[in-house]
K.L.:
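This structure is in structure tokens; I'll ask about it shortly.
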Amino acid sequence: MEQQLSWNEIQKELDTTVLAEDLIKDNKFPFIYNKEMYLVRMPNQAEIAEARAIYNARKNKLSLVAENMFEKKLRKVLKEVQDVDIEQLEKDVETIDIQIVQIELSGNKLKDSEETAIQNLKTKKENLWNHRRELTDEIAGYLAPSIENQAKDEQYNYLAAVCTEKCVDKKENKWESVWKDFEGYKKDSSTLPYMALGALTKLLLQ
Amino acid sequence: MNIDLQLRAMAKSAKYQMLYRASKENGIHLFNNSFDLSGIQLRFLTWLQIYESLYEDLAQQKDFISEKKIQDNFRCDCYLTYRKKINEFEWKKQKQEEKKRQIKERHPKRHQKGNMVPIEVDLRSE
């Protein structure tokens with residue numbers, strides 16, 4: 001699949017095209033792609049079970065290839081070979097969490113009239129939060145190649161494939177699955193699979 | 001505005017607080033679906049519960065809460081963190097009291113006057 005938009009661009013576009021008020025009414029995430037209406041719906045129990053089976057199958061298949069690593073081994077290799085200490089990065093995240101709590105406890109004592117002090121603490125917290133997000137993105141980036149994360153990607157791609165529908169008749173409110181099966185989703189070289197995956201991620205709030 | 005901020009803004013509004021109360025008292029449906037709730041719907045319910053509890057704290061004139069604070073997300077988070085810490089402290093205190101009570105029940109004679117025997121008591125929280 002050719003990625004035409006970055007993941008962040010897709011997330012931003014989904015944020016701006018749909019109002020939360022419309023999203024809470026139902027368990028679906030509608031979006032527009034190439035001027036056509038689509039939606040991603042919540043998976044049912046059977047689909048969740050099938051996705052879990054796909055996760056396990058993918059995990060088993062990947063573990064047969066010597067180059068692939070489970071997360072535990074990947075963490076070790078990153079530390080020994082690339083001098084990347086994931087545990088230390090996670091401890092840094094915990095330290096930031098403690099600092100944020102301290103800021104909030106200080107902020108709670110401020111009165112309504114202390115606007116400058118409130119703004120200062122707010123800025124401090126935003127900076128810490130941004131730094132925290134950078135760290136968690138960094139950790140996720142390093143651990144993305146792990147067998148567990150690759151299997152999870154397959155799981156969510158499957159759910160996006162089966163849960164995405166296109167509006168084929170606006171008057172009758174008729175919707176149909178976009179892809180016949182998972183293979184059809186994988187072979188689709190447009191940005192639509194990425195939009196669908198982005199919408200599913202937002203719907204699940206993962 | 002990102003979805004979470006929108007959900008929060010909606011949850012604290014008078015309209016949705018009233019609808020939330022009505023859904024609990026009169027069975028009015030907040031959503032078209034009553035099962036397979038999406039992550040967005042669950043997050044919205046969480047914010048509704050949080051803001052309901054904040055308005056209750058305001059009504060009871062509890063320390064450190066004000067209408068202005070509830071409307072400001074940062075200040076609201078500060079109050080929620082403070083409230084969580086207070087609740088954790090109260091819970092730990094209750095647990096210690098309960099442990100003391102259980103020890104007294106197990107060794108009643110040792111607590112009668114003139115019959116005090118020193119015993120080891122571990123009041124450290126688990």
Side-chain angles (χ1 to χ4, degrees), chain A residues 8 11-12 14-30 39-48 97-115 117-126 129 163 198-206, chain B residues 1-13 15-16 19-20 23 28-48 54 57-58 62-89:
Chain A
N8 286 338
Q11 294 289 306
K12 265 187 187 162
L14 290 168
D15 261 343
T16 52
T17 52
V18 193
L19 288 173
E21 197 140 21
D22 294 326
L23 292 174
I24 60 161
K25 285 178 193 167
D26 218 328
N27 57 355
K28 299 175 176 78
F29 195 113
L39 64 81
V40 169
R41 56 170 176 76
M42 279 295 284
N44 57 38
Q45 290 300 316
E47 287 159 348
I48 290 169
D97 286 341
I98 292 168
Q99 289 170 337
I100 288 175
V101 164
Q102 292 308 316
I103 287 174
E104 287 175 342
L105 290 174
S106 301
N108 184 54
K109 293 176 194 167
L110 297 174
K111 293 174 195 159
D112 292 345
S113 54
E114 297 179 80
E115 288 175 6
I118 290 169
Q119 189 53 46
N120 287 341
L121 284 180
K122 195 175 177 180
T123 307
K124 256 185 180 173
K125 182 187 170 181
E126 273 169 15
W129 196 254
C163 295
L200 178 77
T201 310
K202 286 212 172 286
L203 188 67
L204 298 173
L205 271 185
Q206 295 290 337
Chain B
M1 204 200 298
N2 82 27
I3 286 170
D4 203 48
L5 287 175
Q6 288 185 61
L7 291 177
R8 207 169 165 174
M10 282 160 45
K12 69 173 105 159
S13 70
K15 172 187 168 184
Y16 279 104
L19 281 171
Y20 180 56
S23 76
I28 284 172
H29 292 274
L30 278 176
F31 313 128
N32 291 344
N33 56 305
S34 52
F35 54 88
D36 287 343
L37 295 183
S38 69
I40 292 174
Q41 288 172 320
L42 289 170
R43 181 73 62 86
F44 181 57
L45 275 173
T46 305
W47 280 123
L48 281 170
L54 288 172
D57 283 358
L58 183 66
K62 287 200 173 169
D63 290 339
F64 297 113
I65 189 77
S66 69
E67 176 70 45
K68 223 177 172 183
K69 216 172 202 177
I70 293 174
Q71 297 306 320
D72 181 320
N73 286 350
F74 166 69
R75 298 188 70 202
C76 189
D77 289 345
C78 292
Y79 177 75
L80 287 168
T81 300
Y82 156 78
R83 193 173 73 174
K84 187 181 170 191
K85 289 284 174 193
I86 291 287
N87 290 342
E88 280 170 3
F89 173 76

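Please read all numbers here as calculations on a predicted model, not as lab measurements. The figures that follow rest on heavy atoms only: side chains count, while hydrogens, waters and symmetry mates do not. Sequence lines set the chain letters: A, B, ... in the order given, protein chains first and strands last, and positions in each chain run from 1.
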K.L.:
Pick one of side chain, backbone, both or neither for Phe64(B), based on which atoms fall under 4.5 Å of a heavy atom in chain A.
P.N.:
both
K.L.:
Which bit of Lys85(B) is near chain A, if near means a heavy-atom gap under 4.5 Å: side chain, backbone, both or neither?
P.N.:
side chain
K.L.:
Name the member of Gly39(B), Cys78(B), Ser66(B), Cys76(B) that forms the most heavy-atom pairs with chain A at distances under 4.5 Å.
P.N.:
Cys78(B)
K.L.:
Ion pair present between Arg75(B) and Asp112(A), side-chain N to carboxylate O less than 4.0 angstrom?
P.N.:
yes
K.L.:
Considering only heavy atoms, which portion of Thr81(B) lies under 4.5 Å from any heavy atom of chain A: side chain, backbone, both, or neither?
P.N.:
both
K.L.:
Of the non-hydrogen atoms in Asn108(A) and Tyr79(B), which two are nearest, and what is the gap between them?
P.N.:
OD1-CA, 3.3 Å
K.L.:
Are Phe31(B) and Asn27(A) packed together at the side-chain level, in the sense that at least one heavy-atom pair is separated by less than 4.5 angstrom?
P.N.:
no
K.L.:
Which heavy atom of Met10(B) sits nearest to which heavy atom of Glu21(A), and what is that distance?
P.N.:
SD-N, 3.7 Å
K.L.:
For residues Asp36(B) and Met42(A), report the shortest heavy-atom separation together with the two atoms involved.
P.N.:
O-CG, 3.6 Å
K.L.:
Do Glu104(A) and Lys84(B) meet the salt-bridge criterion of a basic N to acidic O distance under 4.0 Å?
P.N.:
no
K.L.:
Locate the shortest heavy-atom distance separating Asp26(A) from Ser38(B); write the atom from each residue and the value.
P.N.:
O-OG, 4.5 Å
K.L.:
Between Lys125(A) and chain B, with a heavy-atom cut-off of 4.5 Å, which part of the residue counts as in contact: side chain, backbone, both or neither?
P.N.:
side chain
K.L.:
So for Lys28(A), is it side chain, backbone, both, or neither that comes closer than 4.5 Å to the heavy atoms of chain B?
P.N.:
neither
K.L.:
Of the non-hydrogen atoms in Ile3(B) and Lys202(A), which two are nearest, and what is the gap between them?
P.N.:
CD1-CD, 3.6 Å
K.L.:
Select one option (side chain, backbone, both, neither) describing which atoms of Ile40(B) are under 4.5 Å from chain A's heavy atoms.
P.N.:
both
K.L.:
Within a strict 4.5 Å, meaning less than it, do heavy atoms of the Leu23(A) and Phe44(B) side chains meet?
P.N.:
no
K.L.:
Relative to chain B, which segment of Leu110(A) carries a heavy atom at a distance below 4.5 Å: side chain, backbone, both, or neither?
P.N.:
backbone
K.L.:
Need one label for Tyr16(B): side chain, backbone, both or neither, based on atoms under 4.5 Å from any heavy atom in chain A.
P.N.:
side chain
